[in-house]
Number of protein chains: 2
Amino acid sequence: MFFTDYRFLETIFTQIFLASFMMPESILNSIYQLPEDSKNLLLNGISEVQHAKGVILLKADKVEQDIYFIKKGIVRAFATNDDTDITFWFGTEGETVLSMKSYVENAKGYENIELLEDCILYKLNARYLQQLFLEDIHIANWGRKFAEQELVKTEERLISRQFRNAKERYMDLLAGNPDLLQRVQLGHIASYLGITQVSLSRIRSEIR
Amino acid sequence: MFFTDYRFLETIFTQIFLASFMMPESILNSIYQLPEDSKNLLLNGISEVQHAKGVILLKADKVEQDIYFIKKGIVRAFATNDDTDITFWFGTEGETVLSMKSYVENAKGYENIELLEDCILYKLNARYLQQLFLEDIHIANWGRKFAEQELVKTEERLISRQFRNAKERYMDLLAGNPDLLQRVQLGHIASYLGITQVSLSRIRSEIR
DNA sequence: GACTATTTTTTACAAATGATAAAAACTACC
DNA sequence: GGTAGTTTTTATCATTTGTAAAAAATAGTC
């Protein structure tokens, strides 16, 4: 066989890789290695759902405790204040989506989750998960690891706000998540970086 | 009995209250209600230590996984970059101190912990705790709850950076933690708020 | 109480970011 | 392929915040 365009091969490999990664087992295991039995308990509570771009999956004014894993698509978490909203998190394939405040405190949260593309999600019932936490030590540790990892990421972002200026934070994002820029509109990126869209546009024009 | 100065009574009550709250059991229980047996397992690993103001309890360039509970005193977590350091967390009586990155990823972290007063701490060995996570489901859930609660607090701070300007953030801190201002020098407060000390000074002069 | 070191405030100026509005570029859809 | 709606860029000006250096206030020590 003879390929003149290696990007064709690359595309195929990428698709195979993504397809394998986005099985619910792999998503679960990427957080914490679970024994087979525990993994099956979790998988029993999972169902696949689809929603269109623009759907608000979780709403700030409701107690939303179900959690989702992204099989395909991209979402943002945002909080609102008066007429503005700010995006404080993006989730893509393989990541876990929940309203942390709602999930943790069993009360109305501050976060809305909006689908930025048509999405395929694995849904896990909150009540079932909470029950598993109390019954299965591996699942309890899986939940612990998840929260710990998210905490470190959030702390690092808080710190980078102070040490790095807007342009540097943009460059960091560009380097670490180049595909995000292709998939998400710049207004959301700007608010994720903690600046206005106009500022981001200024930064982008300085760079080229 | 006859008191002419009720502040005397108030002081006594405050001391009784603080003393009861700062027992290691209460600190553990304030995160998550533990059964007696599990609590005793944790308590078995705890010893009381004292360190003087100025001591660096945890260092960024070491893998530091022991965790501490503050019986008496106040500490700050800071990260350094070149010649500047920024404070991103304060801990006072009843709070839990650890190098989250080190603890989570078993690698060198970004955080230093400095004692801002002479402190009395309860120390819990990391290896012992990690073992308990794998053996006791209640302790695993205690660790999960701790990380979840810290995560929500950190997310809320990240979001407030965007919605509230420096003066509002200072007022929020003043309202929520009035004693912090008495116990911590303003340079640290400024960096916690994400501004320079000069900016904070400006804000303070505008307010009176 | 005087001296030193540290912390906080003040001042003047520079740089970064925000607000607003309008133009340009891009999308979606009939 | 033209039109309406959305997103991004550009321009101008105002405001906020940072930098640097000096003065003032405070705390610590002999």
Side-chain angles (χ1 to χ4, degrees), chain A residues 52-56 74 76 78 81-87 90 114-118 158-174 178-208, chain B residues 52-56 74 76 78 80-87 90 114-118 157-174 178-208:
Chain A
K53 174 173 175 172
V55 165
I56 306 293
I74 186 164
R76 71 179 182 117
F78 67 98
N81 196 11
D82 303 328
D83 50 342
T84 56
D85 70 59
I86 70 116
T87 298
F90 291 109
E114 178 191 2
L115 307 191
L116 301 177
E117 294 175 355
D118 294 345
L158 190 67
I159 293 170
S160 100
R161 282 274 169 101
Q162 222 127 325
F163 280 137
R164 304 180 71 67
N165 63 31
K167 187 193 281 188
E168 290 171 330
R169 297 203 299 277
Y170 174 71
M171 302 291 269
D172 290 348
L173 187 67
L174 206 62
D179 56 319
L180 208 61
L181 277 291
Q182 308 307 317
R183 298 173 75 180
V184 174
Q185 67 190 54
L186 290 173
H188 296 149
I189 303 272
S191 97
Y192 178 80
L193 292 172
I195 54 179
T196 60
Q197 172 155 4
V198 176
S199 271
L200 177 56
S201 199
R202 221 167 355 214
I203 287 168
R204 285 161 57 84
S205 76
E206 281 169 31
I207 286 171
R208 29 176 161 81
Chain B
K53 175 174 175 171
V55 164
I56 306 293
I74 188 165
R76 72 179 181 117
F78 67 98
T80 58
N81 197 9
D82 302 329
D83 48 343
T84 56
D85 69 60
I86 71 116
T87 298
F90 291 109
E114 179 191 1
L115 308 192
L116 300 177
E117 295 175 355
D118 294 345
R157 278 187 58 207
L158 190 67
I159 292 170
S160 99
R161 281 274 169 100
Q162 222 127 324
F163 280 137
R164 304 180 71 66
N165 63 31
K167 187 192 280 188
E168 291 171 330
R169 296 202 302 276
Y170 173 71
M171 302 291 269
D172 289 349
L173 188 66
L174 207 61
D179 56 318
L180 209 61
L181 277 291
Q182 308 306 319
R183 297 173 75 181
V184 174
Q185 67 192 53
L186 291 172
H188 296 147
I189 303 272
S191 97
Y192 178 80
L193 292 171
I195 54 179
T196 60
Q197 174 154 4
V198 176
S199 271
L200 178 55
S201 198
R202 225 168 349 217
I203 288 168
R204 283 162 58 85
S205 77
E206 282 169 30
I207 285 171
R208 26 174 164 81

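Just so it is clear: chains get the letters A, B, ... in the order the sequence lines come, proteins before strands, and each one is counted from 1. Quantities reported herein were computed from a predicted structural model and do not represent experimental measurements.
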May I ask you to verify if any side-chain N or O of R204(A) is less than 4.0 angstrom from the OP1 or OP2 atom of dT9(D)?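 Yes.
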
Looking at S199(B), does any N or O in its side chain come under 4.0 Å of the phosphate oxygens OP1/OP2 on dT17(D)?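 For dT17(D), OP1/OP2 do not have a side-chain N/O of S199(B) under 4.0 Å.
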
[X], nearest nucleotide to its side chain (from [options]):
X	options	result
Q197(A)	dG18(C), dT19(D), dT8(D)	dT8(D)
S205(A)	dT17(C), dT8(D), dT10(D)	dT10(D)
L186(A)	dT8(D), dG18(C), dG18(D)	dT8(D)

Atom-to-atom span, [atom1] of [X] to [atom2] of [N] - whole angstrom:
X	N	atom1	atom2	result
D118(B)	dG28(D)	CG	P	12 Å
R164(B)	dT16(D)	CZ	P	16 Å
R161(A)	dT17(C)	CZ	P	12 Å
N165(B)	dA19(C)	CG	C1'	15 Å
R183(B)	dA27(D)	CZ	P	16 Å
K53(B)	dT6(C)	NZ	P	12 Å
E117(A)	dT27(C)	CD	C1'	16 Å
I189(B)	dT9(C)	CD1	P	12 Å

Taking for each residue the nucleotide of DNA chain D with the nearest heavy atom, is it I203(B) or V198(B) whose nucleotide lies nearer the 5' end?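 Here I203(B) is the residue nearer the 5' end.
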
Taking the nucleotide of DNA chain D with the nearest heavy atom to each, does R202(A) or V184(A) sit closer to the 5' end?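 Taking each residue's closest nucleotide, the earlier one in sequence belongs to V184(A).
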
Under 4.0 Å, heavy atoms only, any strand: does L200(B) hit a base, just the sugar-phosphate, or nothing?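 It contacts nothing in the nucleic acid.
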
Just checking S201(B): base, sugar-phosphate only, or nothing, at a heavy-atom cut-off of under 4.0 Å?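 Here S201(B) touches the bases of the nucleic acid.
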
For the residue pair Q162(B) / R161(A), report whether a side-chain donor-acceptor contact shorter than 3.5 Å exists.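 Yes.
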
Between [atom1] of [X] and [atom2] of [Y], what distance do you get to the nearest 0.5 Å?
X	Y	atom1	atom2	answer
R76(B)	E114(B)	CZ	CD	4.5 Å
L158(B)	I86(A)	CG	CD1	7.0 Å
L200(B)	H188(B)	CG	NE2	12.5 Å
I195(A)	R202(A)	CD1	CZ	9.0 Å

